[in-house]
Protein chains: 2
Amino acid sequence: MITICDVARHAGVATSTVSYVLTGKRPISAATRSRVLESIRVLGYHPHAGARGSATSRTNVVALAVPLREGVYVPVLMRMVTAAVTAARRHGLNVLLMTADQGVDGLRGVAGSAQADGFLVLDVEMNDERVPLLRQLAQPSVLIGQPATTAGLTCVDFDFEAAGAACVEHLADAGHRYIGFLGAPTPVYQRRTGFAHRAMVGFSAAAMRRGITSTIMPTAGDHHSVLKAVQALFRVHPSTTALVVHNEAALGWVGAGLRSLGRKVPEDVAVIAICPDGLAEQASPSFTSIRLPAEELGRRAVELLVAKLNGQTVPSLTLLEPELAERASTAGVPGRMLARRANPAVNPERVTAGRRPSRSGAGTRTLPPTPPVVPAPRT
Amino acid sequence: MITICDVARHAGVATSTVSYVLTGKRPISAATRSRVLESIRVLGYHPHAGARGSATSRTNVVALAVPLREGVYVPVLMRMVTAAVTAARRHGLNVLLMTADQGVDGLRGVAGSAQADGFLVLDVEMNDERVPLLRQLAQPSVLIGQPATTAGLTCVDFDFEAAGAACVEHLADAGHRYIGFLGAPTPVYQRRTGFAHRAMVGFSAAAMRRGITSTIMPTAGDHHSVLKAVQALFRVHPSTTALVVHNEAALGWVGAGLRSLGRKVPEDVAVIAICPDGLAEQASPSFTSIRLPAEELGRRAVELLVAKLNGQTVPSLTLLEPELAERASTAGVPGRMLARRANPAVNPERVTAGRRPSRSGAGTRTLPPTPPVVPAPRT
DNA sequence: TTGAAAGCGCTAACAA
DNA sequence: TTGTTAGCGCTTTCAA
């Protein structure tokens, strides 16, 4: 192993000079600087990270806590992770990956033994058990997601509540009165995972405000579950004319589910998905979507953490605003839809064919039908 | 920050004693040991990882290089990653995550500055640019996957070649004479990604040996691409009676693709998938599969790396043998299939309806039809 | 603008 | 069985 002393000797300077060339914490004459750099190059010197950490108490490592829990859609999470890793690299930070099995103890261990300068925490639950620890830690942390209260924390999140509401608003404006919500798998809600919980709440609240009849339904991501869930939604409310899908894994099967009921997108049913770029486009016809900025969440989290590491004060909550991308799935004409739905002869046998999905944790609830209204013109 | 000296003072012993209690590298009397441990507990002491690394040149960190390249199916990769992280934890090792943007330079940097004791390398290509570097590194490394030559390396891999061959054998034994191969997305083959390349080669070679007419076709994972690919396969060889699918993302759409041609599984077409547990089961009917032991690959890689870190010699190549799980998708009767296929009236308009997929990198090739043989009885 | 030297917190001879 | 002490490779004060 080649050390800073070797470099100093080779360049004919003191070790401290080499150190200052490296860190730039002291002005060095151009002559010596280039001599030192040349020696570094020739000898192929790399500063020893551990030794540096020992001397400075800085590791240039951030820990990334990614509990891959049941029901989460891995590719989306990984988008955040890779974006975070890339952003961290730009700041000279490496990323220590921590998964589920490490949990709170793992965090405590890494923090205690100073293996990381800061923490990035993903997949946050409303009452996340890691939160109390994060508040105590010597190292700063940033959560991607929001627990029930963000006091004393730094959180970046997509405004899932606004996203859920925006779906309803868009559909309500287009004249839809009966909207179904196809959510994440049941365990995700049972854990009160922040993003799922908030989207659902935003959806429900907006539906209430607009006097929309709404039904919510969790679903696993496989073919079968999605078909059953879609069928169940329409069995509860055959007059449903729009679907909000907050489940990336289910996205691909929604069309098939509707087809199994003899309903077509967008003529019979409008669909809006809440998902990252590139997923809603793949459906045929393409789904209108609310963009979930996965990459930006990862990036922003790193920026915030770096700011905190530099001693800057940062907002305790950064919310990214939803953005709607309109596509073919909401190009239907609600007037015609309502008219068609009024005819109960449309596939009644299929509508009642699906069995009620068992263990629908988040439950199913409906609001009383609203009085008929004149559909607003589509915007 | 609380140091080993604080503990020593509190317990009334020398710092080295505390150190030895911690490392267990020297016998300590039960009395002092418990006194020291008590002090550690009371003071809430955690050894400083950096300082320890500085003194021992051991970081207790392994770097995991996961270039998330285009076309790879993220969930499967993540299974390996989480299995590796979990296994590493059991050995007291933390995991540094390195993604695409870091590439060879990133590896060199982490190795040079001794930020990791060893390297775990995923998504290996036949002529992976990281391989020459790995050979030079001071730190040991283990690849999950095989480059063209494994000399001087340590590789763990699933025997994809045998897996591809096993599919053919199974289907040939069941009497199938025309078999299609639905592969990974084109870019994966263009990069000569080891696992994809080998499965395809194994399939083709076995088909040759058995005198089977085979067609291979890469496909992206989205609905549309899969449909087109399946249709193209059957357009090239309408008498195809079996499909081998080596593309996890496509798995869900294969059934739909076949249905679009009016062919049913398993009556008209047998299907075998090469994929990890839990994916083939979701198709309806369930697909027979060759288990891809993703978790075990991650685990084994860590075990091998730990062995190397302990100075043990390990085999340069560990291959996990394929295992076939028979399910409903190969329960068809080939005799009947052949009879049906002989009738050209079966959906001819659908067969020719699909357009040829563009840019099919791995190309499409067929072997001359073999002379009719008496189908072997199913095993 | 540069050097010398005292740490950083820990481990591991060496000595008792 | 335990203590003393000299490192590990780097940073950073202090002094020139």
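Proteins come first, then strands; the chains are lettered A, B, ... in the order of their sequence lines, and each starts at number 1.
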I'd like a table of donor-acceptor pairs (distance under 3.5 Å, sequence neighbours excluded) in which one partner is a side-chain atom from residues 35-47 of chain B, with atom names and distances.
unit_1: B:Arg35; atom_1: NH1; unit_2: B:Ala11; atom_2: O; d: 2.5
unit_1: B:Glu38; atom_1: OE1; unit_2: B:Arg41; atom_2: NE; d: 3.4
unit_1: B:Glu38; atom_1: OE2; unit_2: B:Arg41; atom_2: NH2; d: 3.2
unit_1: B:Ser39; atom_1: OG; unit_2: B:His10; atom_2: ND1; d: 2.8
unit_1: B:Ser39; atom_1: OG; unit_2: B:Arg35; atom_2: O; d: 3.2

How would you label the contact of [X] with the nucleic acid (heavy atoms, under 4.0 Å): base, sugar-phosphate, or nothing?
{"X": "A:Thr17", "value": "sugar-phosphate"}
{"X": "A:Leu22", "value": "nothing"}
{"X": "A:Ser54", "value": "base"}

Closest non-hydrogen atom pair, B:Arg130 against B:Leu122 =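 In this case the closest contact between B:Arg130 and B:Leu122 is NH2-O, 2.9 Å.
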
What heavy-atom pair brings A:Val314 and A:Ala307 nearest, and what distance separates the two atoms?
-> CG1-CB, 3.7 Å

[X]: which residues meet the salt bridge (charged side-chain N to carboxylate O under 4.0 Å, His left out) condition with it, sequence neighbours left out?
{"X": "B:Arg198", "answer": "none"}
{"X": "B:Arg26", "answer": "none"}
{"X": "B:Arg33", "answer": "none"}

Walking DNA chain D from its 5' end, the first of A:Gly50 and A:Lys25 to be reached, judged by nearest nucleotide, is A:Gly50

Between A:Thr56 and B:Ser29, just flag the one whose closest nucleotide in DNA chain D comes earlier from the 5' side.
->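 Of the two residues, B:Ser29 wins.
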
OG1 of A:Thr15 to OH of A:Tyr20: how many Å apart, nearest 0.5 Å?
-> 10.0 Å

Under a 4.0 Å heavy-atom cutoff, the residues of residues 32-48 of chain B touching DNA chain D are B:Thr32

Is any side-chain N or O of A:Thr23 under 3.5 Å from a base N or O of D:dT11, one able to act as donor and the other as acceptor?
->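 Counting by modelled atom types and ignoring angles, no donor-acceptor contact under 3.5 Å is found here.
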
The first and last nucleotides of DNA chain C lying within contact of chain B, meaning any atom under 4.0 Å from one of its heavy atoms, run from C:dG9 to C:dC14

What's the CD1-C1' distance between A:Ile28 and D:dT11, to the nearest Å?
-> 13 Å

Show me the donor-acceptor pairs, under 3.5 Å and distance only, between side chains in residues 84-97 of chain B and residues at least two apart or in other chains.
unit_1: B:Thr86; atom_1: OG1; unit_2: B:Thr82; atom_2: O; d: 2.8
unit_1: B:Arg89; atom_1: NH1; unit_2: B:Asn94; atom_2: OD1; d: 3.4
unit_1: B:His91; atom_1: NE2; unit_2: B:Glu303; atom_2: OE1; d: 3.2
unit_1: B:Asn94; atom_1: OD1; unit_2: A:Gln115; atom_2: NE2; d: 3.2

Protein-nucleotides 14-16 of chain D N/O pairs closer than 3.5 Å?
unit_1: D:dC14; atom_1: N4; unit_2: A:Arg26; atom_2: NH2; d: 3.3

Using side-chain contact (heavy atoms from CB on, under 4.5 Å) as the criterion, list what pairs up with A:Thr56, not counting sequence neighbours.
-> A:Arg52, A:Arg58

Compute whether any side-chain donor of one residue and acceptor of the other, for A:Ser29 and A:Thr32, lie under 3.5 angstrom apart.
-> yes

Check for a donor-acceptor pair, side chain of B:Asp6 on one end and backbone N or O of B:Thr3 on the other, with a separation under 3.5 Å.
->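 Side chain of B:Asp6 to backbone of B:Thr3, a donor-acceptor pair under 3.5 Å: yes, one is there.
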
Bend angle of the helix from C:dT1-D:dA16 to C:dA16-D:dT1 from five-pair axes at both ends, rounded to 10°?
->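 Between the axes fitted at each end of the helix from C:dT1-D:dA16 to C:dA16-D:dT1 lies an angle of 40°.
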
Distance-only check: which donor-acceptor pairs under 3.5 Å involve side-chain atoms of residues 292-301 of chain B, not counting sequence neighbours?
unit_1: B:Glu296; atom_1: OE2; unit_2: B:Arg300; atom_2: NH1; d: 2.7

Contacts table for residues 136-156 of chain A: side-chain donor-acceptor under 3.5 angstrom, sequence neighbours left out:
unit_1: A:Gln139; atom_1: NE2; unit_2: A:Ala111; atom_2: O; d: 2.9
unit_1: A:Gln139; atom_1: NE2; unit_2: A:Ala116; atom_2: O; d: 3.4
unit_1: A:Gln146; atom_1: NE2; unit_2: A:Asp157; atom_2: OD2; d: 3.4
unit_1: A:Thr149; atom_1: OG1; unit_2: A:Ala151; atom_2: N; d: 3.3
unit_1: A:Thr150; atom_1: OG1; unit_2: A:Ser316; atom_2: OG; d: 3.3
unit_1: A:Thr154; atom_1: OG1; unit_2: A:Lys308; atom_2: NZ; d: 2.7

